[in-house]
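What follows is a single structure, written as structure tokens, with notes after it.
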Amino acid sequence: MSTKTVEKHTPALSANIGILPRNSEAVALLLNTLLADEQVLYNKVRSYHWNVEGPSFMELHKFYENMYTELAELIDDVAERIRKIGHFTESRLSNYLELAHLLEQDYTKDPKEQQKNLLDDHETICRFVREHIEEIEEKYKDVGTSDFLTGVLKEHEKFAWFLRAYLG
Ligand SMILES: [Fe+2]
């Protein structure tokens with residue numbers, strides 16, 4: 001379990017939804033870590049949307065736009081899931097970089113390098129989410145978050161497939 005920064009506020013009312021406070025706190029930290037990864041990935045995809053070059057420019061420009069649009073929805077869903085279990089979301093860029101598993105990379109306009117970086121990122125998120133789904137359900141008794149994360153996992157599996165197809 002990470003000991004990294006998490007927003008520290010006290011909600012006006014604590015959530016009385018059947019999850020022990022220490023459990024919802026552990027789940028909120030996992031979700032804030034996922035949120036941080038999603039934010040790093042979102043920013044990277046936007047950068048690639050703007051800076052990609054080559055004969056497939058327009059195809060990739062649109063592909064990346066579709067990806068970051070879906071990531072923006074996921075980011076909102078992850079942040080609101082944290083609120084639903086009674087915690088606050090991380091929202092500072094510096095905290096995202098501190099929490100995230102994903103790394104920022106050197107600028108690149110090369111489509112293959114961009115796709116390889118994005119594939120690594122989506123697969124990293126898939127492994128992180130998969131690793132914690134059962135723990136969140138069985139150890140922390142938060143079946144709602146476990147179910148939610150199954151949907152998140154499938155979105156990242158889809159984009160990992162698309163990227164492997166480009167790179168194949
Ligand atoms: Fe654009």
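Note that these values count all heavy atoms, side chains included, but never hydrogens, waters or copies made by symmetry. Being a predicted model, the structure only gives us computed values, none of them experimental. Order of listing sets the numbers, starting from 1, for every ligand and every atom in it. For reference, positions follow the sequence shown, starting with 1.
Screening Leu34, Ile125, Thr124 for a side-chain contact (heavy atoms from CB on, under 4.5 Å) involving His101 leaves a single residue, Thr124. Between Tyr64 and the choices Val45, Asn51, Thr69, the side-chain contact (heavy atoms from CB on, under 4.5 Å) rule is met once, by Val45. Between Tyr48 and the options Asn117, Asn43, Thr108, a side chain to side chain donor-acceptor pair (under 3.5 Å) holds for only Asn117. If you run side chain to side chain donor-acceptor pair (under 3.5 Å) between His156 and each of Glu123, Arg127, Glu38, only Glu38 comes through.
Grouping the Ile, Leu, Val, Met, Phe, Trp and Tyr side chains by contacts below 4.5 angstrom, directly or via other members, places Met58 with Leu118.
Annotation for Gln105: atom CD counts as buried by contact number, over 12 foreign heavy atoms lying within 6.0 Å.
Any protein N/O/S atom under 2.8 Å from the Fe ion (ligand 1) was counted, giving 1 altogether.
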